[in-house]
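Here's the structure we're looking at; comments come further down.
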Number of protein chains: 2
Amino acid sequence: MLKISPRKPVDQQLERKDILDTARELFVSEGYRGVSMRLIASSLKVSHGAIYYHFKNKASLFYAIVTEGFLSLDKELENTMAMELNNETKLREVFIAYMKFGINYSNYYEIMFLIKDDELNTLIHQEPNQSYENFAKAVYQLCDPQKVNLQRIWSIFLSLHGFVTHYIKSGQSFDEIEGLVNSHADFLIKSLEL
Amino acid sequence: MLKISPRKPVDQQLERKDILDTARELFVSEGYRGVSMRLIASSLKVSHGAIYYHFKNKASLFYAIVTEGFLSLDKELENTMAMELNNETKLREVFIAYMKFGINYSNYYEIMFLIKDDELNTLIHQEPNQSYENFAKAVYQLCDPQKVNLQRIWSIFLSLHGFVTHYIKSGQSFDEIEGLVNSHADFLIKSLEL
DNA sequence: AACTTAACTGACCACTGGTTAATTAAAGGG
DNA sequence: CCCTTTAATTAACCAGTGGTCAGTTAAGTT
């Protein structure tokens, strides 16, 4: 019979933050589906059941990580909006920043907007809408109200979404497709008839 | 010891077509990830190992089904191009048909353009490009060459792709979003400045 | 000290895709 | 017809997944 010594001394106890840090690190390189609870546990040198004391399930664990993604995307938008540029150039930069975020943080983007997983999607239901609203407000602010309405902004968003979705699938780096990024941004700017 | 009687009489032998028919039926309602080899086998009342005599692996089995999806999409495009309509209206119908296909055959669309699966993606590498080329040719044919280039057509395609991707995720029916379909089609038509 | 709670382990479950030795029917050849 | 080879299938196996839980020990409380 193997000796089981489950509860560890206080200074060795697994903390929620340790789990999150390890999961995040693995997630960034392997994606949601590429990271198993067992992989996280073995990286932490604990049994995989120990994770379930701290998190209800895999979706809950990764929900904490995905909210970081939404914060990052919002921060990118904020930073772009704070640039000293004329409206049209700034708008173009907003589009480019969105595409750049999606490609550079593809595993985040996937879990934020693409993955169909019942448990995960139950948890993530407000954040994508909020993220879109922030985007829409920014775009509306930079446009002439006579030239743009909500439907058009929504179409712009879907076009950006399509760009990111396609290139996440194809796996190319941002540097490889920068020309295409610029071209798509130009297409969308032109569609607004500014 | 249970009696094993593996090879069945000729008239009861499992045929490749039977597997494909059952897999397709399950796939249409449950999607690629929702259908296991064991589910297909139990539906056919055979052992799941029997499928591997006929198909190398799950990806190969479903590759046969996904090619049907590409054929269907091409057929939709063809049918739309055969309509007696002026160029702009026909172009708009092409866009609508694409979005309609994606929403109505969402599990096909997912496996054709969205799913990241190494084995499946090894098999499916020409078809999406071919499908896009057919689309691009049709669009180019309906447009004024002075007003459109390959980059713009590509952006149109990505915009349609984004629309479908988003609404596949949200799970709404075509009827529920028909207004949005029309609105997005109008956005794209207007972007061409016809 | 005794009791309760917290934190964890190892084994379990059901499920997944894929593999393989054994088994039987079918096909081929003498 | 008989024997051999090939085809088609099964049941058991493997390794992996997310999740569960009785048992064990440390920590906390009285």
Side-chain angles (χ1 to χ4, degrees), chain A residues 1-20 22-23 26-27 30-65 111 115-123, chain B residues 1-20 22-23 26-27 30-65 111 115-123:
Chain A
M1 281 300 149
L2 289 181
K3 186 181 116 180
I4 305 182
S5 50
R7 188 163 188 188
K8 295 178 174 174
V10 172
D11 62 332
Q12 291 172 39
Q13 283 189 8
L14 183 62
E15 294 187 359
R16 197 176 157 96
K17 181 182 180 330
D18 300 323
I19 302 173
L20 282 170
T22 298
L26 293 167
F27 166 72
E30 312 296 332
Y32 179 66
R33 292 219 153 92
V35 180
S36 68
M37 301 299 267
R38 283 173 163 86
L39 183 60
I40 298 168
S42 66
S43 298
L44 287 165
K45 297 184 168 48
V46 298
S47 76
H48 88 273
I51 303 188
Y52 292 90
Y53 178 78
H54 297 265
F55 293 94
K56 181 168 182 286
N57 50 28
K58 185 179 181 180
S60 300
L61 166 56
F62 279 91
Y63 177 61
I65 291 174
I111 199 171
I115 287 177
K116 285 171 70 175
D117 174 283
D118 288 344
E119 284 167 323
L120 203 47
N121 295 153
T122 296
L123 294 169
Chain B
M1 279 302 152
L2 289 180
K3 182 182 124 184
I4 306 181
S5 51
R7 187 162 188 189
K8 295 178 174 175
V10 173
D11 63 332
Q12 288 173 40
Q13 283 189 8
L14 183 62
E15 296 188 358
R16 195 174 158 100
K17 180 179 178 334
D18 299 325
I19 302 172
L20 281 170
T22 298
L26 292 168
F27 166 72
E30 311 296 332
Y32 179 66
R33 293 222 152 91
V35 180
S36 69
M37 301 300 265
R38 282 172 165 87
L39 182 61
I40 297 167
S42 66
S43 299
L44 289 164
K45 297 183 166 51
V46 297
S47 75
H48 85 275
I51 303 189
Y52 291 91
Y53 178 77
H54 297 266
F55 293 94
K56 180 168 182 284
N57 51 28
K58 185 179 181 180
S60 299
L61 166 55
F62 279 91
Y63 176 63
I65 291 174
I111 198 172
I115 287 176
K116 286 171 70 176
D117 175 281
D118 288 344
E119 284 167 324
L120 203 47
N121 295 153
T122 296
L123 293 170

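Convention: sequence-line order gives letters A, B, ...; per-chain numbering from 1.
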Next on the checklist: What is the distance, to the nearest angstrom, from the CG atom on Leu120(B) to the P atom on dT16(C)?
Outcome noted: 18 Å

Checklist entry - Just checking Ser47(B): base, sugar-phosphate only, or nothing, at a heavy-atom cut-off of under 4.0 Å? => result base

Item to check | Separation of dA25(C) C1' from Arg7(B) CZ (nearest whole Å) | outcome: 5 Å

Item to check | Full working for side chain to side chain contact (heavy atoms under 4.5 Å, CB included) between Ile111(A) and Ile65(A) | outcome: CA-CA 9 Å; Ile111(A) 199 171; Ile65(A) 291 174; over 6 Å; no

Next on the checklist: Please classify the nucleic acid contact of His48(A) as base, sugar-phosphate, or nothing, using heavy-atom distances under 4.0 Å.
Outcome noted: base

Item to check | For atom CG of Asp11(A) and atom P of dA6(C), their distance in whole Å | outcome: 20 Å

Checklist entry - Looking at dG18(D), dT10(D), dT9(C), which one has an atom nearest to any side-chain atom of Tyr52(A)? => result dG18(D)

Next on the checklist: For a quick test of reading the model: is some side-chain N or O of Lys58(B) closer than 4.0 Å to OP1 or OP2 of dG17(C)?
Outcome noted: yes

Item to check | Spacing of Phe62(A) atom CZ and Ile40(A) atom CD1 [to the nearest 0.5 Å] | outcome: 4.0 Å

Checklist entry - So, does Asp117(A) use its side chain to make a donor-acceptor pair with the main chain of Thr122(A) at under 3.5 Å? => result no

Checklist outcome for this item: The single option from His54(A), Lys56(A), His48(A) that satisfies side chain to side chain contact (heavy atoms under 4.5 Å, CB included) with Tyr52(A) is His48(A)

Next on the checklist: Against the six-membered ring of Tyr32(A), is Lys58(A) placed for a cation-pi contact (under 6.0 Å from the centre, within 45° of the normal)?
Outcome noted: yes

Item to check | Phosphate contact (dT10(D) OP1 or OP2) by Lys8(B) side-chain N/O below 4.0 Å | outcome: yes

Checklist entry - Just how far, in rounded Å, is C1' of dT17(D) from OH of Tyr32(A)? => result 12 Å

Next on the checklist: Expressed as a whole number of angstroms, how long is the span from Met37(A):CE to dC15(C):P?
Outcome noted: 20 Å

Checklist entry - So does Arg38(A) reach the base of dG16(D) with its side chain, donor to acceptor, closer than 3.5 Å? => result no

Checklist entry - Nearest-Å distance, CZ (Phe55(A)) to P (dC8(C))? => result 12 Å

Checklist entry - Is Glu15(B) touching bases, backbone alone, or none of the nucleic acid, heavy atoms closer than 4.0 Å? => result nothing

Checklist entry - Does the side chain of Tyr53(A) get closer than 4.0 angstrom to OP1 or OP2 of dC8(C) through an N or O atom? => result no

Checklist entry - Can you tell me how far C1' of dA7(C) sits from CD of Gln13(A), to the nearest Å? => result 6 Å

Checklist entry - When the distance from CG of Asp117(A) to C1' of dT17(D) is rounded to whole Å, what number comes out? => result 13 Å

Checklist entry - Taking OP1 and OP2 of dC8(C), is either one under 4.0 Å from a side-chain nitrogen or oxygen of His54(A)? => result yes

